[in-house]
Amino acid sequence: MKINQNYFMSDSIQNRGYAYPEFLVDTDWVAEHVNDPSVIIVESNEDPLLYPSGHIPGAFEVDWTLDLNDPLVRDYLDKDGFEKLMSRIGATPESKIVFYGDKNNWWACYAFWVFQLFGHTNAAVMDGGRLKWIKENRPTSTEKPTAESTNYQAPNRDDSKLRAFRDEVLSHVKKQGQLVDVRSPEEYSGERMHMPDYPNEGALRGGHIPGAKSVPWAKAINPEDGTFKSMEELKELYEVSQGLKSNEPTIAYCRIGERSSHTWFVLKYLLGHSNVKNYDGSWTEWGNSVGLPIEK
Amino acid sequence: MPYPEPIQGFIETLSFLEDRADRIQALIELSKSYQPAPHEKPYPTENRVPGCESEVYTWVSLKEGALDIEIVVDNPQGLSAMALAALLSEALQGKSPSSAESLDGELVFALFGRELSMGKSLGLTNLVQQVKAQSLKLA
């Protein structure tokens, strides 16, 4: 998976000891490459008001709902949809796509993960995300960029290596495989997460998938600037404290697979775990499904 | 039952805007009118809106028999929460507790559309429901 392209790497990140530092860039690097035609910057947020209120100059918005999801099936866009999306933002197979966004890059990692389903590996996440860029008083723009449309040719989406489905998760549970629940401790324990007498968060039952370790996604982040923690801190968090083994298959999940894509990124690219999948059916599927076991 | 003004009027204004970008711009402008309540950290957990990633806290009390609405959005990037907080405050401040009766979760979709993530819609809906519950408790 290593890509030999030092030009595309941030010095500060290269020195942190991550397994695949080429998949993370810092805000300095992005500032230097804002006008680089080989780099396409993509903002992906949960809050739909953020991008229009100001974004990195030249950055395109990729909207989770409108761009990445199928409107009728609970699934992601297909080959045709991805080709149209990439052509809209002016991407070619050689373009380096740099993702950033709100919630400490939670949504950026989600978009990054979907792009990996189509094999666009020339991609990175901007460390610290939108919050760090703003805190550093770097320039923003409300102007929506336009790109000369390309004729991007994508392969069919390949879910087999990075995405877990219900039956695979059940089989994984039976084999006592490694699972990481990245939701809040209250969600993991099954405590009430909604207002009494008002709609719940979309699951009939509260709790977690049997055997899952609880590591809330935000623990991988330095809260003061939203950057990822160091290699040593991440090893302590996932491998020492929770006993996750880097060479064994791991499935991460949350409520609908967005927060867990952040943890997926950490485990796969920063810690270098060899087989990590994101279960995007997550608790809204598992907690509602007939016949599936849970733990509280 | 219509929502209290200016909520109802704002929703009607949004309905005239055909372009989603224009509706979003109207909501961004609304978020700029948000004024954080003068409470100091740490905020009490019992005032926190459950399920809201933006960490929103609400206080509702009676001042001379009328509602006093205070909302803190403890996230500088929580623009949607700020917009909703500004609208709820303006609609209920100084009104009778029963004026919150018509508030419901549909308000969130009427303002922000259906293209919200599950977490975002849950958090915003809980903000509406918490302010409503706190208000009606004072009726």
Side-chain angles (χ1 to χ4, degrees), chain A residues 43-54 61 63-69 71 74 101-104 106-107 110 129-135 142 144 183-184 186-187 191-203 216-218 223 226 254-259 280 282-284, chain B residues 19-32 34 45 48-55 58 73-84 86 103-106 108-109 111-134 136-137:
Chain A
E43 177 165 332
S44 198
N45 299 317
E46 183 182 43
D47 195 320
L49 306 190
L50 281 174
Y51 176 85
S53 74
E61 181 180 31
D63 184 278
W64 172 74
T65 314
L66 300 175
D67 288 320
L68 299 181
N69 276 275
R74 185 177 174 186
D102 64 350
K103 302 281 172 63
N104 298 327
W106 152 8
W107 294 86
Y110 197 26
R130 181 185 167 90
L131 182 62
K132 188 164 192 283
W133 184 273
I134 300 289
K135 274 187 168 178
T142 55
K144 279 176 83 167
R183 299 173 299 160
S184 66
E186 293 78 18
E187 289 169 286
E191 282 179 42
R192 191 190 293 273
M193 280 298 294
H194 55 94
M195 291 290 294
D197 304 324
Y198 290 110
N200 66 18
E201 73 269 34
W217 69 278
C254 56
R255 185 163 53 200
I256 53 170
E258 7 75 301
R259 285 173 284 182
D280 57 284
S282 274
W283 194 252
T284 51
Chain B
D19 191 337
R20 181 174 184 249
D22 292 336
R23 293 197 299 275
I24 284 178
Q25 200 53 49
L27 289 161
I28 291 171
E29 290 305 315
L30 179 62
S31 74
K32 292 176 183 169
Y34 159 74
T45 51
R48 184 172 174 183
V49 176
C52 191
E53 286 278 344
S54 279
E55 294 204 26
T58 69
V73 179
D74 192 21
N75 173 3
Q77 296 191 73
L79 292 193
S80 292
M82 289 180 198
L84 182 57
L103 297 178
D104 58 21
E106 277 303 305
V108 170
F109 297 110
L111 290 171
F112 298 95
R114 295 272 165 192
E115 301 91 2
L116 288 176
S117 75
M118 193 175 180
K120 176 61 72 182
S121 59
L122 174 71
L124 294 174
T125 301
N126 281 346
L127 169 56
V128 173
Q129 304 292 18
Q130 180 156 304
V131 169
K132 176 179 179 176
Q134 289 174 325
L136 294 182
K137 203 181 277 186

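Every chain is numbered from 1, with letters handed out A, B, ... down the list of sequences.
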*asked:* Run A:Leu131 and B:Gln77 through side chain to side chain contact (heavy atoms under 4.5 Å, CB included) and show every step you take.
replied: CA-CA 8 Å; A:Leu131 182 62; B:Gln77 296 191 73; 3.0 Å; yes
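- Side chains of B:Met82 and A:Leu49 form no contact here, defined as non-hydrogen atoms less than 4.5 Å apart.
- The two residues B:Gly78 and A:Asp47 make their nearest non-hydrogen contact at C-OD2, 3.9 Å.
- When all heavy atoms are compared, the tightest approach of A:Pro48 to B:Ile24 is O-CD1, 3.8 Å.
- Contact between B:Ser117 and A:Trp107 at its shortest, heavy atoms only, is CB-CH2, 3.5 Å.
- Judged purely by atom type and a 3.5 angstrom limit, A:Glu46 uses its side chain to pair as donor or acceptor with the backbone of B:Lys120.
- In this structure, no portion of A:Asn45 lies under 4.5 Å from any heavy atom of chain B.
- When all heavy atoms of A:Leu66 and B:Glu115 are compared, the closest pair comes out as CD2-CG, 3.5 Å.
- Interface residue A:Ile256: only side-chain heavy atoms are found under 4.5 Å from chain B.
- By number of non-hydrogen pairs under 4.5 angstrom with chain A, the leading residue of B:Asp104, B:Leu79, B:Leu124 is B:Leu79.
- With a 4.5 Å cut-off on non-hydrogen atoms, A:Lys144 does not touch chain B at all.
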